[in-house]
Amino acid sequence: MAFKGMLKDEDIAAALQHCAAADSFNHKEFFAKVGLAGKSTEDLKKAFYFVDQDKSGFIEEDELKLFLQNFSASARALTDAETKAFLADGDKDGDGMIGVDEFAAMIKG
């Protein structure tokens, strides 16, 4: 997967297991469990570009819905409520998308 070499496989598996049930995803807990919270800003920017599937320079709602699948192809899609909460926390400028600096700040925050 995209995060090979940046994150530990066992941390990814544990984080995905923790949010396997619908409506159990908490992005702050996930970032901590998967090991992103302790990464450098440079690594977080690399992670952003893995998640920005269409390479638009922003993570849009449809990309957030499939966020967990960046870590494992068999992971579930986020529910609408999870997706909207994730977007609301990360979208600080209110444009409906998460930019690279917003993404890094959300993980560090």
A.B. asks: Consider only side-chain heavy atoms of I, L, V, M, F, W and Y, link residues closer than 4.5 Å, and tell whether Val51 and Ile107 are in one cluster.
C.D. replies: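 Yes; Ile107 is reachable from Val51 via cluster members.
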
A.B. asks: Name all residues meeting the salt bridge (Lys or Arg N to Asp or Glu O under 4.0 Å) criterion together with Asp62; count only those two or more places apart in sequence or in a different chain, and write none if there are none.
C.D. replies: none

A.B. asks: Quick one: pull up CG in Leu66 and CD in Glu61 and give me the separation to the nearest 0.5 Å.
C.D. replies: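 These two atoms lie 11.0 Å from each other.
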
A.B. asks: Are Tyr49 and Met97 co-members of a hydrophobic cluster defined by side-chain heavy atoms under 4.5 Å apart?
C.D. replies: no

A.B. asks: Can you measure from CG (Leu78) to CG (Leu87) and round to the nearest 0.5 angstrom?
C.D. replies: 11.5 Å

A.B. asks: Under 6.0 Å from the CD atom of Glu10, do we count more than 12 heavy atoms belonging to anything else shown?
C.D. replies: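 Above 12, so yes.
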
A.B. asks: Any link between Leu7 and Ile59 through a network of hydrophobic side chains (Ile, Leu, Val, Met, Phe, Trp, Tyr) touching at under 4.5 Å?
C.D. replies: yes

A.B. asks: Quick one: closest heavy-atom pair of Ala32 and Ala37, and the distance?
C.D. replies: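 Shortest heavy-atom separation between Ala32 and Ala37 comes out as CA-CB, 3.9 Å.
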
A.B. asks: Considering residues at least two apart in sequence or located in another chain, which fulfil the salt bridge (Lys or Arg N to Asp or Glu O under 4.0 Å) criterion with Lys108?
C.D. replies: none

A.B. asks: Are any of the side-chain heavy atoms of Leu68 and Phe30 separated by less than 4.5 Å?
C.D. replies: yes

A.B. asks: Do the non-hydrogen side-chain atoms of Lys33 and Asp11 ever get within less than 4.5 Å of each other?
C.D. replies: no

A.B. asks: Quick one: are Asp52 and Phe103 in side-chain contact, heavy atoms under 4.5 Å?
C.D. replies: no

A.B. asks: Any chance the side chains of Glu63 and Asn70 put a donor and an acceptor closer than 3.5 Å?
C.D. replies: no

A.B. asks: State the NZ-CZ distance between Lys39 and Phe31, to the nearest 0.5 angstrom.
C.D. replies: 14.0 Å

A.B. asks: Could you tell me which non-hydrogen atom of Phe48 sits nearest to which non-hydrogen atom of Ile98, and how far apart they are?
C.D. replies: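 The answer is CE1-O, 3.4 Å.
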
A.B. asks: Between atom OG of Ser40 and atom NZ of Lys46, what is the distance when rounded to the nearest 0.5 Å?
C.D. replies: 7.0 Å

A.B. asks: Quick one: does any side-chain atom of Lys92 pair with a main-chain N or O of Asp89 as donor and acceptor, under 3.5 Å?
C.D. replies: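 A pair under 3.5 Å: yes.
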
A.B. asks: Any chain of hydrophobic side-chain contacts (each under 4.5 Å) joining Met106 to Leu36?
C.D. replies: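 Yes: a chain of side-chain contacts under 4.5 Å links Met106 to Leu36.
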
A.B. asks: At what distance, to the nearest 0.5 angstrom, does CD of Gln53 lie from CD of Glu60?
C.D. replies: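 Gln53 CD to Glu60 CD: 11.0 Å, rounded to 0.5 Å.
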
A.B. asks: Does the side chain of Ser24 come within less than 4.5 Å of Glu29's, by heavy atoms?
C.D. replies: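 No. Closest side-chain heavy atoms not under 4.5 Å.
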
A.B. asks: When you group the ILVMFWY residues by side-chain heavy-atom contacts below 4.5 Å and let the links chain together, are Phe58 and Phe67 in the same group?
C.D. replies: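 Not linked; separate clusters.
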
A.B. asks: Looking only at non-hydrogen atoms, find the nearest pair between Gly96 and Asp91 and report the distance.
C.D. replies: N-OD2, 2.8 Å

A.B. asks: With Lys65, which residues qualify under salt bridge (Lys or Arg N to Asp or Glu O under 4.0 Å), at least two apart?
C.D. replies: Asp80

A.B. asks: May I ask you to decide if Ala75's main-chain N or O and Gln69's side chain share a donor-acceptor pair within less than 3.5 Å?
C.D. replies: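 Indeed, once roles are kept as given, a pair shorter than 3.5 Å links the two residues.
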
A.B. asks: Quick one: does Phe25's side chain get under 4.5 Å of Thr79's, heavy atoms only?
C.D. replies: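 Side-chain contact under 4.5 Å: no.
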
A.B. asks: Which atom names give the shortest non-hydrogen contact between Leu16 and Ser72, and what distance separates them?
C.D. replies: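 For Leu16 and Ser72, the tightest heavy-atom pair comes out as CD1-CB, 3.4 Å.
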
A.B. asks: Measure up the Phe50 and Phe3 rings against each other and bin them: parallel (under 30°), tilted (30 to 60°), perpendicular (over 60°).
C.D. replies: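 Perpendicular.
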
A.B. asks: Donor-acceptor check, side chain of Asp43 to backbone of Ala47, threshold 3.5 angstrom: yes or no?
C.D. replies: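 No; judged by distance alone, with no hydrogens or angles, the pair does not exist.
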
